[in-house]
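Single-structure report; data block below.
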Amino acid sequence: MIVIMNPQATMREKSAVIAWAEDNGCTVHLSEGSERAVIGVIGNGRPLLREQAEMMAGVERVVPVLKPFKIASREFRAEDSSFPLGNHTVGGEELIIMAGPCSVESRSQIIETAHAVKEAGAHVLRGGAFKPRSSPYSFQGLGEEGLQYMAEAREQTGLPFVTEVMEPALVPLICEYADILQIGARNMQNYALLHAVGKSQHPVLLKRGMSSTIEEWLMCAEYVLSHGNTRVMMCERGIRTFETYTRNTFDINAIAVAKHLSHLPVIADPSHATGKWEYVAAASKAAIAAGADGLIIEVHPRPEEAMSDGPQSLKPEKFAKLVQEMKAIALAVGRKIEA
Ligand code: PEP
Ligand code: MN
């Protein structure tokens with residue numbers, strides 16, 4: 001349940017509610033809004049006496065959260081969540097553009113791409129160093145060497161970077177280098193990994209599993225949030241359907257639904273959602289119109305030579321043109337893409 005304190009509630013009254021909830025074996029998440037504090041009380045299965053909370057000093061009202069996800073829900077936090085990424089803010093008026101290759105393939109490749117996407121207007125660099133590949137014989141990524149090259153690209157361009165973490169044991173290493181931890185679609189329900197990234201307190205980009213419902217996806221965000229890590233971005237990257245012409249089916253509904261059910265920022269991945277570079281621009285523009293807070297787009301200087309996901313990667317010139325086109329769509333829906 002959510003305990004909404006009245007605007008005049010004192011620190012002591014808030015502390016009393018927190019202590020009461022903890023004495024009852026609950027976990028507590030305090031959210032200090034601009035007007036009032038909201039205390040999320042997550043039960044441990046035992047029934048909690050709502051009436052008891054309602055009678056406590058400083059409490060305005062108590063709202064039960066009927067959804068299975070609690071901290072991720074709009075009931076818990078009515079305003080959009082926003083937090084800084086480099087010199088920009090995700091979850092506000094600005095749209096955040098993340099771009100870069102699927103995989104880091106060499107020092108020169110990532111540095112060249114980082115400069116190109118920065119020049120085109122990206123705010124965050126993407127690149128996989130530990131790759132989840134469908135085949136064990138495909139390129140698995142450069143590992144830590146890839147992280148070092150990305151760190152160098154960040155130094156040269158000033159772009160923070162996002163990269164995937166595939167196992168709990170690697171979370172500390174990747175946190176040393178990366179600004180944002182990506183949880184890949186194949187690992188969305190890896191609960192040990194979700195606990196580990198939650199504990200890390202590092203920003204997280206949580207991709208939707210390719211066969212996951214929106215509720216399952218939000219429940220996975222709840223795992224991360226339950227550790228007090230509030231910097232979580234949801235990422236819609238397409239789901240499996242009967243359609244085979246495109247790699248996945250871009251679930252544009254999921255963007256609107258996730259924004260409705262949750263306060264967390266939603267990022268769209270038109271590259272994996274379509275699997276073909278020809279449709280990336282259309283899907284990107286649709287995502288902005290649907291309310292996405294940002295995009296993550298695969299860009300490669302020579303897609304035909306890419307070691308992964310070449311067919312869905314944009315060349316830098318095409319990406320630069322797309323950023324310009326997206327600016328107009330952003331303005332039309334009351335958002336902006338800043339330099
Ligand atoms: C990726 O971002 O390159 C990737 C592997 O994405 P997903 O987990 O969405 O397939
Ligand atoms: Mn990829």
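Just so it is clear, the structure is predicted and the values come from calculations on it, not from any experiment.
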Six-ring centre of Phe76, Lys67 cation under 6.0 angstrom, axis tolerance 45°: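 Pair Lys67/Phe76 does not count as cation-pi.
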
Side-chain touch [X]/[Y], heavy atoms, less than 4.5 angstrom:
| X | Y | result |
| --- | --- | --- |
| Leu85 | Met233 | yes |
| Cys220 | Tyr191 | yes |
| Ile183 | Leu205 | no |
| Val90 | Val124 | no |
| Leu322 | Ser284 | yes |
| Pro265 | Ser81 | yes |
| Pro303 | Trp277 | no |

Approximate separation, where rounding is to 0.5 Å, of [X] [atom1] and [Y] [atom2]:
| X | Y | atom1 | atom2 | answer |
| --- | --- | --- | --- | --- |
| Lys14 | Met56 | NZ | CE | 14.0 Å |
| His263 | Glu75 | NE2 | CD | 10.0 Å |
| Glu278 | Leu314 | CD | CG | 9.5 Å |
| Asp293 | Met234 | CG | CE | 12.0 Å |
| Thr113 | Ile111 | OG1 | CD1 | 10.0 Å |
| Phe130 | Thr163 | CZ | OG1 | 8.0 Å |

With His300, the side chain to side chain donor-acceptor pair (under 3.5 Å) member among Lys315, Gln312, Glu105, Glu305: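 Of Lys315, Gln312, Glu105, Glu305, side chain to side chain donor-acceptor pair (under 3.5 Å) with His300 is met by Glu105 alone.
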
Asp269: which of Arg237, Lys207, Arg208 passes side chain to side chain donor-acceptor pair (under 3.5 Å):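 Passing option: Lys207.
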
Any side-chain donor paired with an acceptor under 3.5 Å for [X] and [Y]?
| X | Y | result |
| --- | --- | --- |
| Asp309 | His272 | yes |
| Glu144 | Tyr177 | yes |
| His88 | Glu338 | no |

Check whether any side-chain N or O of [X] sits under 3.5 Å from a backbone N or O of [Y] as a donor-acceptor pair, and report yes or no.
| X | Y | value |
| --- | --- | --- |
| Asp80 | Gly92 | no |
| Glu222 | Lys70 | yes |
| Glu215 | Pro68 | no |
| Asn24 | Cys26 | no |
| Arg74 | Ala78 | yes |
| Arg61 | Ile4 | no |
| Glu236 | Gly238 | yes |
| Arg133 | Ser135 | no |
| Arg231 | Gln201 | yes |
| Glu13 | Thr10 | yes |

Decide yes or no on side-chain contact (heavy atoms from CB on, under 4.5 Å) for Cys102 and Lys131, but give the supporting numbers first. CA-CA 9 Å; Cys102 179; Lys131 294 301 300 176; 3.2 Å; yes

Among the clusters formed by ILVMFWY side chains lying less than 4.5 Å apart, do [X] and [Y] turn up in the same one?
| X | Y | answer |
| --- | --- | --- |
| Ile329 | Phe319 | yes |
| Val323 | Ile267 | no |
| Val299 | Met98 | no |
| Ile96 | Leu206 | no |
| Leu95 | Phe83 | no |

Taking the six-membered ring for Trp, are His195 and Tyr223 parallel (under 30°), tilted (30 to 60°) or perpendicular (over 60°)?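 Perpendicular: the ring planes of His195 and Tyr223 meet at over 60°.
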
Pairs where residues 117-130 contributes a residue and the test side chain to side chain donor-acceptor pair (under 3.5 Å) is met, not counting sequence neighbours: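 Every pair satisfying side chain to side chain donor-acceptor pair (under 3.5 Å) with a residue in residues 117-130: Arg126-Glu298.
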
Test side-chain contact (heavy atoms from CB on, under 4.5 Å) applied to Val62 and Val41, step by step: CA-CA 10 Å; Val62 177; Val41 178; over 6 Å; no

Checking one residue: Ile239. Which other hydrophobic residues are in its cluster under the side-chain 4.5 Å linking rule?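 Same cluster as Ile239: nobody, lone residue.
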
Nearest heavy atoms of [X] and [Y], plus distance in Å:
| X | Y | answer |
| --- | --- | --- |
| Met166 | Asn190 | O-ND2, 4.0 Å |
| Leu295 | Ala287 | CD2-CB, 4.1 Å |
| Ala292 | Arg335 | O-NH1, 3.7 Å |
| His202 | Asp179 | CD2-O, 3.7 Å |
| Ser73 | Val65 | OG-CG1, 4.0 Å |
| Leu181 | Cys175 | CD1-SG, 3.9 Å |

Heavy atoms of other groups near [X] [atom1], more than 12 under 6.0 Å:
| X | atom1 | result |
| --- | --- | --- |
| Glu35 | CD | no |
| Arg240 | CZ | no |
| Lys276 | NZ | yes |
| Arg36 | CZ | yes |

Given Leu125, which partner from the list Val104, Val162, Ile110 fulfils the side chain to side chain contact (heavy atoms under 4.5 Å, CB included) test?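 Option passing the side chain to side chain contact (heavy atoms under 4.5 Å, CB included) with Leu125: Ile110.
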
Carefully, step by step, assess Ile174 and Leu147 under the rule side-chain contact (heavy atoms from CB on, under 4.5 Å). CA-CA 8 Å; Ile174 297 186; Leu147 299 175; 4.0 Å; yes

Is Arg302 salt-bridged to Glu112, cutoff N-O under 4.0 Å?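 Yes, charged N to carboxylate O under 4.0 Å.
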
Evaluate side-chain contact (heavy atoms from CB on, under 4.5 Å) for Met5 paired with Val59, printing each intermediate quantity in order. CA-CA 4 Å; Met5 304 301 291; Val59 172; 3.9 Å; yes

Take Glu325 and Lys321, measure what salt bridge (Lys or Arg N to Asp or Glu O under 4.0 Å) needs, and give me the verdict at the end. CA-CA 6 Å; Glu325 291 168 4; Lys321 181 167 171 273; 3.0 Å; yes

